[in-house]
Every structure is written in C-alpha cells, then in structure tokens.
Amino acid sequence: GQQLNQSPQSMFIQEGEDVSMNCTSSSIFNTWLWYKQDPGEGPVLLIALYKAGELTSNGRLTAQFGITRKDSFLNISASIPSDVGIYFCAGRSGGGADGLTFGKGTHLIIQP
Amino acid sequence: DAGVIQSPRHEVTEMGQEVTLRCKPISGHNSLFWYRQTMMRGLELLIYFNNNVPIDDSGMPEDRFSAKMPNASFSTLKIQPSEPRDSAVYFCASSLGGGDGYTFGSGTRLTVV
C-alpha cells in the first residue's frame, strides 16, 4: 500500500525558533494535508493543499505541495509553547471521499 | 456544531469480551472513517463509508472487527472477541468529501487486559 515517510520523528527546539518538517510518498498524491494532534484529542486540520507547487499559509504556518506530487513540507515560524504537539502529514491519491494515508507524525517539543 | 462525537472516551475490557465503539458524525457530512492509532503503526484507516455504504474495509485487521452505519447519524465499530493487541485509540472522522479533510472525534482509548 501507500506509505508516507515523515521526518523528523521528533524535534526539540527553543521558543522562537522556526520549525520545518516534511513528508515523502512512494506514490503520487493529488491532495496533501497537515494536521496537528494535542494530547487526548483527535487530529485537527491545519492546511490543505490541492495542486502541485501550491504554497499556502495559515498564520505562522506555511505548507507546500511538492512539484513531483510525492512530497510536502510544513514550516512553523517563530514557535510558541502552544505549538507543542504531534504534526501529521496526510495524502490522498483518489477522489475527495477516499481515505487518507497518514505519516507517523513529528513530535514537536518546545523549550521555553 | 458539536463536532464528531465518540463514545465511550475510555474502555477497559477483558480479553474475549465484545467491545462496541460508537460514533455520531457531523450533521450533513456524507463520509465517515474509522481509524486506529498506536505508537508502533501510527494512524491506520480501518474502514470508510460514503452515504452509509461501506466503500473500503481492506484496513480491517481481522474478521473479529466489524463496522456498521445504519443511518447517516450513527456508526459502530465492534470487536468480538477482543484481544490485548487491539489496545489502541480508535478515532472516527467525518467529512463532506471534496478533499476538504476530515473532522476527527476525540477518540476512544481501548485497553484490553
């Protein structure tokens, strides 16, 4: 089946630093999404990307849909304590109602 | 909007017992997904429904797992008999389709002892 390789697995950073994480796929996706999960809760959608090369921002978050359609990255600028959590990339190769394939997640830990 | 509602939030059961997890999707959403999350395997899609019809159940691990969606506002995931390796957090998510991503529930943490 489809696999997503998400890296890094975890990040320990200082408050105020920028963060970068990425996902690569073994197959082409036509949708890339980035989610954040807080402890004890389900993942929450941060950014959705629908076109190769697309660059989308949501506040301090910026994500890009890779040109090859096999990768995506997420950047967080000027990290703050509430950015702590697990970030997941997810991709879909089929139609809009098909299931998403998720990466294993990036654990972000911020030291004040 | 109350979001996707899952019950129970926590379930502890003995091996061999039947477990039923419940989900109420967001009103108007026509797709419903069941995921399982573990440390080792991350988020795995178990099964999803479109307009109450099961579309892909290839992620259901074994015949011990079954899912139903009798109407647009309710779905169940049943494990019978349960085993310790079924211990995980089970998430339900719903969407309107069209690639807008899902809305997840808060999950059910299942522990089988």
Side-chain angles (χ1 to χ4, degrees), chain A residues 1-10 21 23 25 28-52 54 56 58 61 63 65 69 72 74 85-107, chain B residues 2-7 9-10 21 23-26 29-61 67 69 88-109:
Chain A
Q2 298 167 338
Q3 291 191 2
L4 289 182
N5 295 311
Q6 187 172 348
S7 65
Q9 200 170 13
S10 59
M21 59 191 79
C23 255
S25 166
I28 289 174
F29 284 151
N30 56 32
T31 302
W32 281 97
L33 304 127
W34 285 91
Y35 286 83
K36 183 191 177 202
Q37 185 178 24
D38 291 326
E41 298 296 330
V44 174
L45 181 65
L46 297 174
I47 291 179
L49 303 157
Y50 301 108
K51 198 162 56 173
E54 180 180 354
T56 296
N58 178 6
L61 277 60
F65 192 141
R69 297 169 64 192
S72 177
L74 174 70
I86 306 175
Y87 291 80
F88 292 96
C89 62
R92 178 189 291 126
S93 57
D98 286 352
L100 291 172
T101 299
F102 281 82
K104 291 283 179 66
T106 295
H107 292 242
Chain B
V4 175
I5 299 172
Q6 289 186 247
S7 64
R9 283 299 306 268
H10 302 274
L21 311 181
C23 176
K24 177 176 167 37
I26 289 175
H29 282 190
N30 60 350
S31 296
L32 183 142
F33 307 82
W34 283 100
Y35 279 83
R36 178 172 67 176
Q37 186 177 35
T38 61
M39 288 293 292
M40 290 297 295
R41 301 174 70 90
L43 276 161
E44 300 174 280
L45 177 64
L46 300 177
I47 184 172
Y48 71 94
F49 297 82
N50 283 343
N51 298 315
N52 312 341
V53 176
I55 302 300
D56 184 357
D57 65 354
S58 59
M60 296 285 260
M69 192 165 185
V89 181
Y90 291 81
F91 287 103
C92 174
S94 70
S95 77
L96 195 49
D100 289 331
Y102 310 156
T103 300
F104 281 82
S106 296
T108 295
R109 181 174 293 278

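Proteins come first, then strands; the chains are lettered A, B, ... in the order of their sequence lines, and each starts at number 1.
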## Note on the structure
Here the gap from A/Lys104 atom NZ to B/Met40 atom CE, rounded to the nearest 0.5 Å, amounts to 7.5 Å

### Task
Under 4.5 Å, counting heavy-atom pairs only, tell me which of A/Gly105, A/Ala90, A/Gly40 racks up the most with chain B.
A/Gly40

## Note on the structure
When the 4.5 angstrom heavy-atom criterion is applied to B/Arg109 and chain A, the contacting part is neither

### Task
Search all heavy atoms of B/Phe91 against all heavy atoms of A/Glu41 and return the closest pair with its distance.
CZ-O, 3.6 Å

### Interface moiety of B/Leu45 toward chain A, non-hydrogen atoms closer than 4.5 Å
side chain

### Which portion of B/Gln37 sits near chain A, non-hydrogen atoms under 4.5 angstrom
side chain

### Task
Take the angle between the ring planes of B/Phe104 and A/Phe102 and call it parallel below 30°, perpendicular above 60°, tilted in between.
perpendicular

### Message
When you measure from the side chain of B/Tyr48 to the backbone of A/Leu100, do you find a donor-acceptor pair of N or O atoms at a distance under 3.5 Å?
### Response
no

